[in-house]
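This report concerns only the one structure given below.
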Amino acid sequence: MQKRLLMVFFALIFVGKSFAQLFDEVSFLHNLKSSYYLLNNQSVKNFVVQITSAKMDAFTKANWDKTNVPVLQLIWQAPADVYLSEIKTPFNMNNEQKKEYRELLDGLKIQVRGIFLDLQRFYLTGLISDALLSNYTLKHNDEAVQMTFRNVDQQGTVVKYLLGLNALCILIDIEYPVQAKHMVIYPEFKLKDTKWLCQGWTVQTMINGQVRSGFKLTIDYERYNQIYLPVNFFLEVQKAEQKDKIYFDEIRFMNYQLNQNIEVSK
């Protein structure tokens, strides 16, 4: 039903509407690249940050009465390189504790990698790369703009952006025909220092037309040397097989180090 409503929404926006308002595509594309708060546009060449989570806190608190113990380290290098590694635990563990710790750590890795897929476009590098802008179709009316990118991965994947006339992203619709999968992403932004800073996003995933899962992510930032850096990611996850249950978690980034002399072995 929600997928059908989404398609109807697109149809209402782009079928049978007049084009009375003058639309300047060059200005629109300029706003698309310049109106968002992006780390790539700040004086940051790289950062190193340590990571833990509320679930990991519960584990270390129950076993050793400790919290805020970093378990992962992430290195970001402009424009889009991300490296994730484990931090050696300071605790001696029995076999049962090792098993639980490994499950929590592997789950946290998956969460962080997933977050960074969307964080790249909404906060780090920008909504649309120069490579994508070399091949797109654009429709507009007096209310919104739709940009469509086809076969972006040589597997037939289609990405559609619905944006305001001011280039503010309303939603991203992604179809993966090979997997019969469909994703819709609803980002949220707040104006900070004349730029739109991403506050999080909501994602709904469908397979074969059926809703399988969804989650909402909210971001808290702190300001370091006039630069906004994400420190808390709050997650709410819901799955189709457990519709009456919502899973909560918090992922924390701590101990940021900016513009380090680092060399990463690939």
TODO: Kindly state each residue pair satisfying salt bridge (Lys or Arg N to Asp or Glu O under 4.0 Å) with at least one member in residues 31-41, sequence neighbours excluded.
DONE: Lys33-Asp130
Open item on the list: Walk me through whether Leu132 and Val152 qualify under side chain to side chain contact (heavy atoms under 4.5 Å, CB included).
Closed with: CA-CA 8 Å; Leu132 282 178; Val152 298; 3.7 Å; yes
TODO: Could you grab the distance from atom CG of Asp173 to atom CE of Met183, nearest 0.5 Å is fine?
DONE: 10.5 Å
What side-chain donor-acceptor pairs closer than 3.5 Å can you find for residues 103-120, not counting sequence neighbours?
from: Asp106; atom 1: OD1; to: Arg102; atom 2: NH1; distance (Å): 3.0
from: Lys109; atom 1: NZ; to: Glu86; atom 2: OE2; distance (Å): 2.5
from: Asp118; atom 1: OD1; to: Arg121; atom 2: NH1; distance (Å): 2.5
from: Asp118; atom 1: OD2; to: Trp201; atom 2: NE1; distance (Å): 3.4
from: Gln120; atom 1: NE2; to: Ala80; atom 2: O; distance (Å): 3.4

Open item on the list: Under the rule for ring pair (Phe, Tyr, Trp, His ring centres under 6.0 Å), what residues qualify as partners of Tyr101, not counting sequence neighbours?
Closed with: none
- [ ] Check whether any side-chain heavy atom of Val203 sits under 4.5 Å from a side-chain heavy atom of Tyr186, and report yes or no.
- [x] no
Task: Point-to-point distance, once rounded to the nearest 0.5 Å, from NZ of Lys216 to CZ of Phe248 - done: 11.5 Å
TODO: Carefully, step by step, assess Tyr36 and Phe189 under the rule ring-ring contact (aromatic ring centres under 6.0 Å, His included).
DONE: CA-CA 9 Å; Tyr36 293 86; Phe189 298 90; 5.2 Å; yes
Open item on the list: Contact between Ile185 and Ile174 at the side-chain level, heavy atoms closer than 4.5 Å - yes or no?
Closed with: yes
TODO: Applying ring pair (Phe, Tyr, Trp, His ring centres under 6.0 Å), name anything that partners Tyr256, two or more places apart in sequence or on another chain.
DONE: Phe47, Tyr224
Open item on the list: Please say yes or no: joined through hydrophobic side-chain contacts below 4.5 Å, possibly via intermediate residues, are Leu165 and Leu127 part of one cluster?
Closed with: yes
Task: Any side-chain heavy-atom pair of Met147 and Leu32 under 4.5 Å - done: yes
Result block: side-chain N/O donor-acceptor pairs under 3.5 angstrom for residues 90-100, not counting sequence neighbours:
from: Asn94; atom 1: OD1; to: Glu96; atom 2: N; distance (Å): 3.1
from: Asn94; atom 1: OD1; to: Gln97; atom 2: N; distance (Å): 2.7
from: Gln97; atom 1: OE1; to: Asn94; atom 2: N; distance (Å): 2.9
from: Gln97; atom 1: NE2; to: Asn63; atom 2: OD1; distance (Å): 2.8

Task: Ile207: hydrophobic cluster co-members (side-chain, 4.5 Å) - done: none
TODO: Any chance you could lay out the ring-ring contact (aromatic ring centres under 6.0 Å, His included) test for Phe122 and Trp196, step after step, and finish with the verdict?
DONE: CA-CA 9 Å; Phe122 294 135; Trp196 292 317; over 10 Å; no
- [ ] Give a yes or no on whether Tyr161 and Leu138 share a hydrophobic cluster (residues Ile, Leu, Val, Met, Phe, Trp, Tyr; joining criterion: side-chain heavy atoms under 4.5 Å apart).
- [x] yes
Open item on the list: Any heavy-atom pair between the side chains of Lys190 and Glu188 that's under 4.5 Å?
Closed with: no
Task: Test: Lys181 cationic atom under 6.0 Å from Tyr176 six-membered ring centre, within 45° of axis - done: yes
Task: Contact check, side chains of Gln77 and Ile75, non-hydrogen atoms, under 4.5 Å - done: yes
Open item on the list: So, taking the atom named CD in Gln146 and the one named CG in Asn141, what distance separates them when rounded to the nearest 0.5 Å?
Closed with: 10.0 Å
TODO: Kindly determine whether Ser35 and Asn166 satisfy side chain to side chain contact (heavy atoms under 4.5 Å, CB included), including the steps that lead there.
DONE: CA-CA 9 Å; Ser35 297; Asn166 58 358; over 6 Å; no
Open item on the list: Distance check, rounded to the nearest 0.5 Å: Ile128 atom CD1 versus Cys169 atom SG?
Closed with: 8.0 Å
Open item on the list: Check the orientation of Tyr123 and Tyr37. Use parallel for under 30°, tilted for 30 to 60°, and perpendicular for over 60°.
Closed with: parallel
TODO: State the CD-CG distance between Gln42 and Asn259, to the nearest 0.5 angstrom.
DONE: 11.5 Å
Open item on the list: Would you say that Ile51 contacts Leu74 through its side chain, given a criterion of any heavy-atom pair below 4.5 Å between the two side chains?
Closed with: yes
Task: Donor-acceptor contact below 3.5 Å, side chain Asp57 vs main chain Asn68 - done: yes
Task: Interatomic distance, Asn40 atom CG to Thr125 atom OG1 [nearest 0.5 angstrom] - done: 6.0 Å
Task: Trace of the side chain to side chain contact (heavy atoms under 4.5 Å, CB included) decision for Phe149 with Asn135 - done: CA-CA 7 Å; Phe149 306 87; Asn135 184 20; over 6 Å; no
Open item on the list: Any non-hydrogen side-chain atom of Gln73 less than 4.5 Å from a side-chain atom of Val49?
Closed with: no
Task: Residues Arg223, Asp193: salt bridge by 4.0 Å N-O rule - done: yes
- [ ] Would you please test Thr148 and Val159 for side chain to side chain contact (heavy atoms under 4.5 Å, CB included) and show each step?
- [x] CA-CA 6 Å; Thr148 302; Val159 181; over 6 Å; no
TODO: Would you kindly confirm whether Ile246 and Leu235 end up in one hydrophobic cluster when ILVMFWY residues are joined by side chain heavy atoms under 4.5 Å apart?
DONE: no
- [ ] Report yes if some heavy atom in the side chain of Tyr221 is under 4.5 Å from a heavy atom in the side chain of Leu229; otherwise report no.
- [x] no
